Colleague: 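Sharing a structure below in structure tokens format, with a few things to ask.
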Amino acid sequence: MKENRLRTLYEKDGTKKVLASLLSILIGLIVGSIIVAIVGFSKPGMGGKSVWDGIRLIFAGLFSTGRDASGILTWGFNPTSFGNMLFRATPLVMTGLSVAVAFKTGLFNIGAPGQYLMGTMVTLMLALGIPSDAVHPVIIWFIAFFGGMLAGALWGAIPGLVKAYLNINEVLACIMTNWIAANIVTWMFDISNFKNVTEGTKTGYIYKTTFNDVATSKLGLDHLFPGSQVNGGIIVAIIIAIIVFIIMNKTTLGYELKACGSNRHCARYAGIKDKRNIVLSMAISGALAAAGGSLYYLSGNTEFYWSTYQALPAEGFNGIAVALLATNNPIAVIFTAIFMSMLDIAGLQLTNLTAYNEYITDVVIAAIVYLSAFSLVIRMLLDGRKKRKASADVSTPGEDKKADDEPAEPEPEPPEPDDNEKGGEQT
């Protein structure tokens, strides 16, 4: 009985998705450990002790509390690392939701970096431009947050429009809008009065929102995680993830969006406005990505560096990894985003406590992303094989044997001729 329950649980699609994601994470960590071993044993002056320390930090860097007087790694609850992990996870939750919603509707939103930038720009301009002595800082916070989301929604709707009405691939449109956004943001801040010129030569930085007394409330999290950058933004991100889950799974809108993603032409035949839903899906994705930038910079912890973009924000692209690992489930996005930020903390611990470079964790993330993509392909192949087998097995062997054992039905007798036919024969 117990074995049957376990087998039934294993056969569920959700269980296979979770196991595939966990296996991807495990293999990614093992790949990182192998790289640590190769670097440690090949570099003079490191050796086995450094390799052992590096491997432990990759798997449990979040729990490292530093080194003692004798140079041995110490372990325990590190509130600063935990709080910083939650702070870093906040934008990843939002960009992961952005990519996941687009995936659910059959679209690939690679434009999250540009939407993230546009939301950041509008949020900072509103948060710093509205005087806090005339408007309460809490009201300014809400105006800046929703203003940033609106900017991201409008920017995300552009690839949706060209996809719906011109049938231009959304990936190409998103790549173009990413770099257009980067240059617009650079130009707008260049001509603005928000550049930080009061602290030395910080001309390439924008003021923190605390310059205008606008910052996300800590909501008591600073007492749980003292010394960290955590604030209420992570709670806002979790609430939004729950709302997205409800919309996508419990509402007519979510059903229509997913129907368009499954088959746009069938959805149109069923009376669903496919073009409208494609644009709406990309607009929602853009708003979510922009909310990530808004929450990150409204925290008041960090300054925005805008001068001459050479690369797009990593949070936008990391959202793809978060969504893949979460198999596009909005609730699972929360946990995968936290895991990705945990790897970031582990990378910092590697840099601070060993001779290794923090970019080793980027290799781990890359391996996890590739394995997540492969796990999706494997599940698709397994499902296709099951369907083919089910269609091929028209009858079971037991049924064939039963059919052979049963006596054959007697053939029907030919019908007797009618009167006319009899009369003809007599004649």
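Note: hydrogens, waters and symmetry copies are ignored here, and every other heavy atom, side chains too, is used. None of these values were measured; they are calculated from a predicted model.
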Colleague: Apply side-chain contact (heavy atoms from CB on, under 4.5 Å) to Leu86 and Phe225, showing your working.
Modeller: CA-CA 10 Å; Leu86 295 175; Phe225 309 103; 3.8 Å; yes
Colleague: Is a donor on one side and an acceptor on the other found under 3.5 Å between the side chain of Asn301 and the backbone of Gln229?
Modeller: yes
Colleague: Without placing hydrogens or testing angles, list every side-chain donor-acceptor pair under 3.5 Å for residues 125-143, not counting sequence neighbours.
Modeller:
| from | atom 1 | to | atom 2 | distance (Å) |
| --- | --- | --- | --- | --- |
| Ser132 | OG | Asn212 | O | 3.2 |
| Ser132 | OG | Asn212 | OD1 | 3.3 |
| His136 | ND1 | Val138 | N | 3.1 |
| Trp141 | NE1 | Thr216 | OG1 | 2.9 |

Colleague: Would Leu219 and Ile235 satisfy side-chain contact (heavy atoms from CB on, under 4.5 Å), going step by step from the backbone distance to the final call?
Modeller: CA-CA 9 Å; Leu219 298 180; Ile235 297 177; 3.8 Å; yes
Colleague: Do you know the tightest heavy-atom contact between Gly96 and Val322?
Modeller: CA-CG1, 4.0 Å
Colleague: How about Ile320 and Ile110: do any of their side-chain heavy atoms sit closer than 4.5 Å?
Modeller: yes
Colleague: Quick one: does any side-chain atom of Ser192 pair with a main-chain N or O of Phe189 as donor and acceptor, under 3.5 Å?
Modeller: yes
Colleague: Within the side chain of Lys258, is there an N or O that forms a donor-acceptor pair under 3.5 Å with the backbone of Met248?
Modeller: yes
Colleague: With the threshold set at 4.0 Å, does a side-chain nitrogen-carboxylate oxygen contact exist between Arg276 and Glu256?
Modeller: yes
Colleague: Which heavy atom of Ser64 sits nearest to which heavy atom of Leu353, and what is that distance?
Modeller: OG-CD1, 3.3 Å
Colleague: Please examine the side chains of Leu124 and Phe304, heavy atoms only from C-beta on, and report whether any two atoms are closer than 4.5 Å.
Modeller: yes
Colleague: Could you tell me whether Lys208 and Glu303 make a salt bridge, using a distance below 4.0 angstrom between a side-chain N and a carboxylate O?
Modeller: no
Colleague: State, to 0.1 Å, how close Ser294 and Phe145 come at their nearest heavy-atom pair, and which atoms those are.
Modeller: CB-CD1, 3.8 Å
Colleague: Could you tell me the separation between the CH2 atom of Trp187 and the CE atom of Met121, rounded to the nearest 0.5 Å?
Modeller: 9.5 Å
Colleague: Heavy-atom count check: over 12 atoms from other residues, nucleotides or ligands less than 6.0 Å from Phe317 CZ?
Modeller: yes
Colleague: Does Asn328 reach the main-chain N or O of Leu324 with its side chain, forming a donor-acceptor pair under 3.5 Å?
Modeller: no
Colleague: Does a side-chain heavy-atom distance below 4.5 Å link Met282 with Cys174?
Modeller: yes
Colleague: If you take the centroid of each ring, where Trp contributes its six-membered ring, are Phe194 and Tyr207 closer together than 6.0 Å?
Modeller: no
Colleague: Between atom OG1 of Thr327 and atom CZ of Phe103, what is the distance when rounded to the nearest 0.5 Å?
Modeller: 11.5 Å
Colleague: I'd like to know if the side chain of Thr210 and the backbone of Asp213 have a donor-acceptor N/O pair within less than 3.5 Å.
Modeller: no
Colleague: What's the separation between atom OG in Ser285 and atom NZ in Lys104, rounded to the nearest 0.5 Å?
Modeller: 13.0 Å
Colleague: Determine yes or no for a side-chain-to-main-chain donor-acceptor pair under 3.5 angstrom, with Thr105 supplying the side chain and Val101 the backbone.
Modeller: yes
Colleague: Is there side-chain contact between Leu348 and Arg88, with heavy atoms separated by less than 4.5 Å?
Modeller: yes
Colleague: Tell me, with the steps shown, if Lys275 and Arg264 meet side-chain contact (heavy atoms from CB on, under 4.5 Å).
Modeller: CA-CA 9 Å; Lys275 294 181 179 180; Arg264 174 181 176 181; 3.8 Å; yes
Colleague: Would you name the heavy atoms of Ala112 and Ala289 that are closest together and state the gap between them?
Modeller: O-CB, 3.9 Å
Colleague: For the residue pair Phe87 and Ser228, establish whether any side-chain heavy-atom pair is separated by less than 4.5 Å.
Modeller: no
Colleague: Does Glu170 use its side chain to pair, donor to acceptor, with the backbone of Phe108 at less than 3.5 Å?
Modeller: yes
Colleague: Atom CG of Asn84 and atom OG of Ser341: how far apart are they, to the nearest 0.5 Å?
Modeller: 10.0 Å
Colleague: Counting only N and O atoms by type, is there a donor-acceptor contact under 3.5 Å from the side chain of Trp155 to the main-chain atoms of Gly286?
Modeller: no
Colleague: Could you give the distance from CD1 (Ile175) to CD1 (Ile180), rounded to the nearest 0.5 Å?
Modeller: 12.0 Å
Colleague: What's the shortest heavy-atom distance between Pro330 and Ala241, and which atoms?
Modeller: CB-O, 3.6 Å
Colleague: How close do Ala326 and Val333 get, heavy atom to heavy atom, and via which atoms?
Modeller: CB-N, 3.6 Å
Colleague: In this structure, are over 12 heavy atoms from other groups packed under 6.0 Å from Trp52 atom CH2?
Modeller: no
Colleague: Rounded to the nearest 0.5 Å, what separates atom CD1 in Ile55 from atom OG1 in Thr354?
Modeller: 11.5 Å
Colleague: More than 12 heavy atoms of other residues, nucleotides or ligands under 6.0 Å from CZ of Phe59: is that the case?
Modeller: yes
Colleague: Can you find a pair of side-chain heavy atoms, one from Lys218 and one from Val230, that are under 4.5 Å apart?
Modeller: no
Colleague: Should the ring pair Phe77 and Phe82 be called parallel, tilted or perpendicular, given that the plane angle runs from 0 to 90° and is split at 30 and 60?
Modeller: tilted
Colleague: Say whether Ser98 and Asn109, considering side chains only, have a donor N or O and an acceptor N or O under 3.5 Å apart.
Modeller: yes
Colleague: Could you check whether any side-chain heavy atom of Tyr205 comes within less than 4.5 Å of a side-chain heavy atom of Thr302, counting everything from C-beta outward?
Modeller: no
Colleague: Is any side-chain heavy atom of Phe63 less than 4.5 Å from a side-chain heavy atom of Asn78?
Modeller: no
Colleague: Assess whether side-chain contact (heavy atoms from CB on, under 4.5 Å) is satisfied between Ile25 and Leu29, documenting all intermediate values.
Modeller: CA-CA 6 Å; Ile25 291 172; Leu29 294 174; 4.1 Å; yes
